[in-house]
Amino acid sequence: MKTKVLSVGGSIIAPAEPDTRFLHEFCTMATDWLTSNSETRLILVAGGGGPARLYQNAYRDLASRYDAGTKKSAAYSTEAENNAACDWLGIMATRLNAQLLKAAFGPLCQQDVVTDPTKVTDFTGRVLVAAGWKPGFSSDNDAVLLAERFTADTVVNLSNIEKVYTDDPRKNPDAKPLDSISWADFRKMVGDEWVPGKNCPFDPIASKKAAELGLTVICAAGKNIANIRSILDGKEYVGTTIK
């Protein structure tokens, strides 16, 4: 049984609230693909999206407020503790999105949502849905760990960007889209540090692990359903290949 792993960004599942039109179209396409390819199965790892950032920003706002009587912040005392608090809020958002994704696939997804990729031992049904695990990285890293566990050679990273650019195109008009890039060059772009809510094409911690494993990662637009189907079918696609 061949396994395909898709990291489904929260920005397309729930940019501000759940995008039910996208979820319907995505699940319909995936179900049709599974029906046409009987010896395949899908692992879907959900991101946090709008709800994650909403609650992380709420916590940061709380952390910036001081009690007039005690002059103490509502936040933890160290940056690491504050980052962990934000990570946990993001993780809870991924789990809510994952539960919705699991429900949308009905009987095709027989197992509970995976919240620890190191402890899943089997894969029943045709679809397995996973969410965030613990602080220190995003759900992209969980996708890489599940790819390793179930011997998938590629992770498809679906988000709200069509390709990886040489720089942030919102800030640099000279930034150019890339069809492919090496892990060495990609890791120079994203760095080695994870910050909760960090907006980058693929989590730096996940990138390090994927490079060590020799995985291929394809970054593509999550709302382009026909293009996702082309990726699953091994046909030409629009996106950036990292390997």
Completion exercise
When rounded to the nearest 0.5 Å, the distance separating NZ of Lys4 from CD1 of Ile231 is 9.5 Å
Problem - Side chain to side chain, Asp87 and Trp194, heavy atoms closer than 4.5 Å - result: yes
Completion exercise
Minimal heavy-atom distance between Asp192 and Arg187, with the atoms involved, is OD1-NH2, 2.9 Å
Completion exercise
side chain to side chain donor-acceptor pair (under 3.5 Å) filter on Arg95, not counting sequence neighbours, yields none
Handout entry: Close side-chain approach of Asp233 to Ser230, heavy-atom, < 4.5 Å
Key = no
Exercise for the section: First locate atom CD1 of Ile13, then atom OG of Ser159, and finally report the distance between them rounded to the nearest 0.5 Å. Expected result: 11.5 Å
Handout entry: For Phe186, ring pair (Phe, Tyr, Trp, His ring centres under 6.0 Å) partners two or more places apart
Key = Trp183
Problem - Close side-chain approach of Glu81 to Cys86, heavy-atom, < 4.5 Å - result: no
Exercise for the section: Give the minimum heavy-atom separation between Met29 and Leu232, together with the two atoms involved. Expected result: SD-CD1, 3.9 Å
Practice task
Can you see which heavy atom on Asn97 is nearest to which on Ala14, and at what distance?
Solution key: OD1-CB, 3.8 Å
Side-chain donor-acceptor distances from residues 170-177 under 3.5 Å, at least two apart:
{"residue": "Arg170", "atom": "NE", "partner": "Asp168", "partner atom": "OD1", "Å": "3.1"}
{"residue": "Arg170", "atom": "NH2", "partner": "Asp168", "partner atom": "OD2", "Å": "3.2"}
{"residue": "Asn172", "atom": "OD1", "partner": "Asp174", "partner atom": "N", "Å": "2.9"}
{"residue": "Asn172", "atom": "ND2", "partner": "Asp167", "partner atom": "OD2", "Å": "3.1"}
{"residue": "Lys176", "atom": "NZ", "partner": "Asp174", "partner atom": "O", "Å": "3.4"}

Problem - Student check: side-chain heavy atoms of Thr240 and Ile181 closer than 4.5 Å - result: yes
Completion exercise
Paired with Thr154, the side chain to side chain contact (heavy atoms under 4.5 Å, CB included) test is passed by just one of Thr216, Thr241, Thr3, namely Thr216
Handout entry: Path from Ile161 to Ile12 over hydrophobic side-chain contacts below 4.5 Å
Key = no
Practice task
Of all the heavy-atom pairs spanning Ala206 and Asp140, show the shortest one and how long it is.
Solution key: CB-C, 3.7 Å
Practice task
Report yes if the side chains of Leu215 and Val155 come closer than 4.5 Å at any heavy-atom pair, otherwise no.
Solution key: yes
Handout entry: Heavy-atom check, side chain of Asn82 versus side chain of Arg60, under 4.5 Å
Key = no
Fill in the blank from the handout: In this structure, OG1 of Thr166 is separated from CG of Asp185 (nearest 0.5 Å) by 11.5 Å
Handout entry: Test salt bridge (charged side-chain N to carboxylate O under 4.0 Å, His left out) applied to Lys163 - qualifying residues, sequence neighbours left out
Key = Asp179
Practice task
Start with the C-alpha gap between Val127 and Leu34, add the side-chain angles, then the distance that decides, and say whether side chain to side chain contact (heavy atoms under 4.5 Å, CB included) holds.
Solution key: CA-CA 9 Å; Val127 177; Leu34 288 166; 3.6 Å; yes
Without placing hydrogens or testing angles, list every side-chain donor-acceptor pair under 3.5 Å for residues 142-153, not counting sequence neighbours.
{"residue": "Asp142", "atom": "OD2", "partner": "Trp133", "partner atom": "N", "Å": "3.4"}
{"residue": "Arg149", "atom": "NE", "partner": "Val120", "partner atom": "O", "Å": "3.2"}
{"residue": "Arg149", "atom": "NH2", "partner": "Thr121", "partner atom": "O", "Å": "2.6"}

Exercise for the section: Check step by step if side chain to side chain contact (heavy atoms under 4.5 Å, CB included) holds for Arg41 and Leu128. Expected result: CA-CA 8 Å; Arg41 56 190 183 179; Leu128 183 68; over 6 Å; no
Practice task
With sequence neighbours excluded, tell me which residues meet side chain to side chain donor-acceptor pair (under 3.5 Å) with Asn227.
Solution key: none
Handout entry: Non-hydrogen side-chain atoms of Leu158 and Ser7 separated by less than 4.5 Å
Key = no
Practice task
Decide whether Val5 and Ile228 are clustered together by the hydrophobic rule: side chain heavy atoms of Ile, Leu, Val, Met, Phe, Trp, Tyr closer than 4.5 Å, transitively.
Solution key: no
Exercise for the section: Starting at OH of Tyr55, measure out to CG of Asn57 and round the result to the nearest 0.5 Å. Expected result: 12.5 Å
Handout entry: Within 6.0 angstrom of Phe123 CZ, more than 12 heavy atoms from elsewhere
Key = yes
Fill in the blank from the handout: Using a 4.5 Å side-chain heavy-atom cut-off and chaining through intermediate ILVMFWY residues, the residues clustered with Met92 come out as Trp88, Ile91
Fill in the blank from the handout: Joining Ile, Leu, Val, Met, Phe, Trp and Tyr whenever any side-chain heavy atoms lie under 4.5 Å apart, the cluster holding Met1 also takes in none
Practice task
Over all heavy atoms of both residues, which pair between Gly222 and Ile225 is shortest? Give the atoms and the distance, please.
Solution key: O-CD1, 4.3 Å
Handout entry: Shared hydrophobic cluster, Tyr237 / Leu6 (ILVMFWY, side-chain heavy atoms < 4.5 Å)
Key = yes
Exercise for the section: Find out whether Asn157 and Ile218 are in side-chain contact, i.e. whether some heavy atom of one side chain is under 4.5 Å from a heavy atom of the other. Expected result: no
Exercise for the section: Locate the shortest heavy-atom distance separating Val164 from Met189; write the atom from each residue and the value. Expected result: CG1-CE, 3.9 Å
Exercise for the section: Could I get the full list of side chain to side chain donor-acceptor pair (under 3.5 Å) partners for Asn141, not counting sequence neighbours? Expected result: none
Practice task
Go through the structure and list residues passing salt bridge (charged side-chain N to carboxylate O under 4.0 Å, His left out) with Asp116, not counting sequence neighbours.
Solution key: none
Return a table of donor-acceptor pairs under 3.5 angstrom between the side chains of residues 98-106 and protein atoms on other chains or two or more places apart.
{"residue": "Lys102", "atom": "NZ", "partner": "Cys109", "partner atom": "O", "Å": "3.1"}
{"residue": "Lys102", "atom": "NZ", "partner": "Gln111", "partner atom": "O", "Å": "3.0"}

Fill in the blank from the handout: ring pair (Phe, Tyr, Trp, His ring centres under 6.0 Å) filter on Phe22, not counting sequence neighbours, yields Phe26
Practice task
Identify whether Ile43 and Val113 are in the same connected component of the hydrophobic contact network (ILVMFWY, side-chain heavy atoms under 4.5 Å).
Solution key: no
